[in-house]
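These notes are about the structure you will find just below.
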Amino acid sequence: MSQRQPDRTARIRALNDAFRKTGNGGRFMITAGVQALGPIRVAALTRQVMSFDAFSADNDPYHEHDFGSLKDGGQTFFWKIDTYDKALEYGSPDPADPAVTTRVLTLMLAEEY
């Protein structure tokens, strides 16, 4: 029996939020441009990502809480959650199922997108 779409979307959103807020259940990656900002700034940006809650129709059209944009120190940053299979080789067969999914959050400078 397949999961109904609203229930499935709500489950993906909850898993994405839990991962973003705690870092548990996936990998948190930063780009070279973010890394070059130094560990103190990276830590501050990470805290902003973890507390992000400015989801809207513009940045979250599928209601999965898998993308965000933030400004810090005159720069714009994006973060994006992608879902992969457990081996990190292919997309997840079911992002609503943590048993078969590894989440990867990438934090980047907007110009690196």
Evaluate side chain to side chain contact (heavy atoms under 4.5 Å, CB included) for Thr106 paired with Thr31, printing each intermediate quantity in order.
CA-CA 7 Å; Thr106 304; Thr31 60; 4.1 Å; yes

Give, for atom CD of Gln35 and atom CE of Met29, the distance between the pair rounded to the nearest 0.5 Å.
10.0 Å

Any side-chain heavy-atom pair from Leu70 and Val49 closer than 4.5 angstrom?
yes

Could you check whether Ser92 and Thr83, counting side-chain N and O atoms only, form a donor-acceptor pair closer than 3.5 Å?
no

Shared ILVMFWY cluster between Phe28 and Phe77, side chains joined below 4.5 angstrom?
yes

I'd like to know whether CG of Leu88 has more than 12 heavy-atom contacts from other residues, nucleotides or ligands below 6.0 angstrom.
yes

So do the side chains of Arg27 and Arg103 get within less than 4.5 Å of each other, counting heavy atoms only?
no

As an exercise, state the distance from CD1 of Ile30 to CG of Leu45, rounded to the nearest 0.5 Å.
9.0 Å

Regarding Gln5 and Thr9, do their side chains bring together a donor and an acceptor under 3.5 Å, going by distance alone?
yes

Side chain to side chain, Val34 and Trp79, heavy atoms closer than 4.5 Å
no

Heavy atoms from other residues, nucleotides or ligands near CE of Met108 exceed 12 (cutoff 6.0 Å)
yes

Looking at Glu64, is its backbone amide N or carbonyl O close enough to the side chain of Asp60 to form a donor-acceptor pair, meaning the two atoms are under 3.5 Å apart?
yes

Gap between atom NZ of Lys21 and atom CG of Asp53 - 0.5 Å precision
7.5 Å

Measure across Leu15 and Pro95 and return the closest heavy-atom pair with its distance rounded to 0.1 Å.
CD1-O, 3.7 Å

When rounded to the nearest 0.5 angstrom, what is the spacing between CZ in Phe55 and CZ in Phe67?
10.5 Å

Could Lys80 and Asp66 be called an ion pair, given the rule that one side-chain N must be under 4.0 Å from one carboxylate O?
yes

In this structure, are over 12 heavy atoms from other groups packed under 6.0 Å from Glu112 atom CD?
yes

For the side-chain hydrogen bond (donor to acceptor under 3.5 Å, both in side chains) test, which of Asp17, Asn59, Asn16 pairs with His65?
Asp17

Side chains of Arg20 and Ser51 in contact at under 4.5 Å (non-hydrogen atoms)
no

List the steps and the verdict of side chain to side chain contact (heavy atoms under 4.5 Å, CB included) for Gln75 and Arg41.
CA-CA 12 Å; Gln75 293 178 292; Arg41 185 105 183 265; 3.0 Å; yes

Which atom pair, heavy atoms only, marks the closest approach of Val104 to Tyr84?
CG2-CD1, 3.7 Å

Looking at every heavy atom in both Thr76 and Ser69, which two are closest together, and how far apart are they?
CG2-OG, 3.7 Å

Quick check on the hydrophobic clustering: are Leu37 and Met50 connected, directly or via other members, by side-chain heavy-atom contacts under 4.5 Å?
no

Write down the atom of Lys86, the atom of Ala99, and the distance for their closest heavy-atom approach.
CE-O, 3.3 Å

Going by heavy atoms in the side chains, are Phe19 and Asn24 under 4.5 Å from each other?
no

Heavy-atom closest pair, residues Asp97 and Thr101
O-OG1, 2.9 Å

